[in-house]
Amino acid sequence: MSLALWTNCQAATMDAPAARPYGLIEEAALVVEGDRLAWVGPRDDLPDDLLERCEITHDGGGALVTPGLIDCHTHLVWGGNRAQEFEQRLLGASYEDIARAGGGIASTVRATRAASDDELFESAARRLQALREDGVTTVEIKSGYGLSLAHEARCLRVARRLGAGEGVSVRTTFLGAHAVPPEFTGRPDAYIDEVVAMLPALQAEGLVDAVDAFCERIGFSREQTERVFVAARAAGLPVKLHAEQLSDMDGAALAAGHQALSCDHLEWLSEAGAQAMARAGTVAVLLPGAYYFLRETKLPPIDLLRRLGVPMAVSTDCNPGTSPCTSLLLMLNMACTLFRLTPEEALAGATREAARALGLADRGRLAAGLRADFVLWDVAHPAELCYAIGARPCRATVFEGVLR
Ligand code: DI6
Ligand code: FE
C-alpha cells in the first residue's frame, strides 16, 4: 500500500503528555498508510526506508496538527426547538419547573415524533456540519427524544445514516431512559420495563453502541437506572450516565459499579462518587455548555477529579433544552474559563479522554497504528484552540487518511 507523508507542520500528538506538554513536536512528520497512521515523530527522525516508500507528500503549510476532535456526548437528532422555553426561563421559570409542567424534554419528544425521517436527518446534518467545521471527526449521538421503540429506532437510524456520510465517524447511544413519555405518565416503572424490552430489537438492528440514562429527580431513580444497566450489561453493552447534574442522586457510584465508560455533567458529584469513578476508570465528561445555558452556580469538583486521577473529557451536550451548541471549540474555551481546566486538559478532553469515554482505543492521539483522523489548524500554539472565542481556525481535516 502506498504511503503519504505530511510535513511542514507542528503536531500536538496528545500522546505521552507528561514528557512534553500536549505531546508537542515542533517540526513533525506524519506518515499515513491507508486509513492509519504508520509513523509520527520529529521530521529529522523519519527513517530513510519509510521516506522512500512515501509516494505522496503533503505540505502542512505550517499548520498545527492535532488528533481529530471527538464530541463524546450529543443528542444531535431532534425535532423543533426550545427558544420559547428559553424566553420563559428569562422571565423566571426554572428548567425543572418547565419540565414538570409538561415542557422540556417532553416538548421535544412531541416535535420529534411529528417530524419525518428526512426532516430529522436534515436538521441533524446541519448541526453535524457545524461540528465538523470545528474539527470534529468522531461524534457520539444519543437517542432519547423518541421514547417508544418505533421512534427511538427512527432517531438511531438517522444517527447511523449521518455516520454513513463522508468524513465523520458516529457512535450511537440508546438513551430510552431520558424521560417518561406521555403514554406512561405516572408509571415510570412500567416505562423502564418498556425500555428494557426495546433494547434487544434496537441492538439486533445494529443501532446501539452503548446505553445511557438520566438519573435525576426529573428523570429516573437509582433503582430504575440500575434496571436499565443490568439489561445493558446482560446484552454485552457498555453503559454511561447523566449523573449528578441537578442534584446528588449517588448515580456516579452506581454507574461506576457497572464499569461505566463515563459519567456526564457531575456538578453535584460527591467525594465517594468520584472515588468510585476513579476505581472503575470511569471518565468524567464535563459539559460547560449546559452549566452555562442553565446558569448553574455549582461547579463540578474539578480539583477532586484531578486529585483522584479521574480522566476528564469535554463535550458539547448538543441538545435543544440545555445546550443548543454546535461548537466544540467554544466548549474548550468554557471548560477553561468556567471550570478552570488548563488548555492542555481541555484539548485532551476533546481528544484522548473523549476517545476513552467512548471506549475507543483506536483514536484520540496521534500515534502509529491509530486511525489517520487529524485536523490542520491555523494556529501557532495549541492553547489558541481554547483561547479564542468564535474563531474558525480549522483549515482542513484528514479522515481515514483522506484530506477533506
Ligand atoms: N440532561 C441534559 O442536559 C439534557 N438531557 C439530560 O438528561 C437535556 C435534554 C433536554 O432538555 O432536552
Ligand atoms: Fe446530555
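Quick caveat: nothing in here was measured; it's all calculated off a predicted structure. Side chains included, hydrogens not; waters and symmetry mates left out as well; all remaining heavy atoms used. Atoms within each ligand, like the ligands themselves, are counted from 1 in listed order.
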Distance-only donor-acceptor hits, side chain of residues 279-291, under 3.5 Å, sequence neighbours excluded:
unit_1 : atom_1 : unit_2 : atom_2 : d
T282   : OG1    : A260   : O      : 2.8

Give every donor-acceptor pair under 3.5 Å between a side-chain atom in residues 56-65 and any protein atom, sequence neighbours left out.
unit_1 : atom_1 : unit_2 : atom_2 : d
D59    : OD1    : N8     : ND2    : 2.7
D59    : OD1    : G61    : N      : 2.7

I would like to know whether E152 and L147 meet side chain to side chain contact (heavy atoms under 4.5 Å, CB included); could you show each step before the answer?
CA-CA 6 Å; E152 288 287 289; L147 307 186; 4.0 Å; yes
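Within 6.0 Å of CZ on R340 lie no more than 12 heavy atoms contributed by other residues, nucleotides or ligands. For CD of Q129, the number of neighbouring non-hydrogen atoms (other residues, nucleotides, ligands) closer than 6.0 Å is greater than 12.
Protein N/O/S atoms found under 2.8 Å from the Fe ion (ligand 2), listed by chain and residue number: H73 NE2, H75 NE2, H242 NE2, D317 OD1.
For the pair R161 and F121, the cation sits on the ring face: its NZ or CZ lies under 6.0 Å from the ring centre, inside 45° of the axis. Annotation: cation-pi pair R89/F293 present, NZ/CZ under 6.0 Å from the ring centroid and within 45° of its normal.
Within 4.0 Å of ligand 1, protein heavy atoms come from H75, R82, Y95, I105, Y145, H178, F214, H242, Q245, H265, D317, N319, G321, T322.
A distance of 6.0 Å or more separates the ring centres of H381 and Y387.
In this structure, a donor-acceptor pair under 3.5 Å is present between the side chains of S247 and E216.
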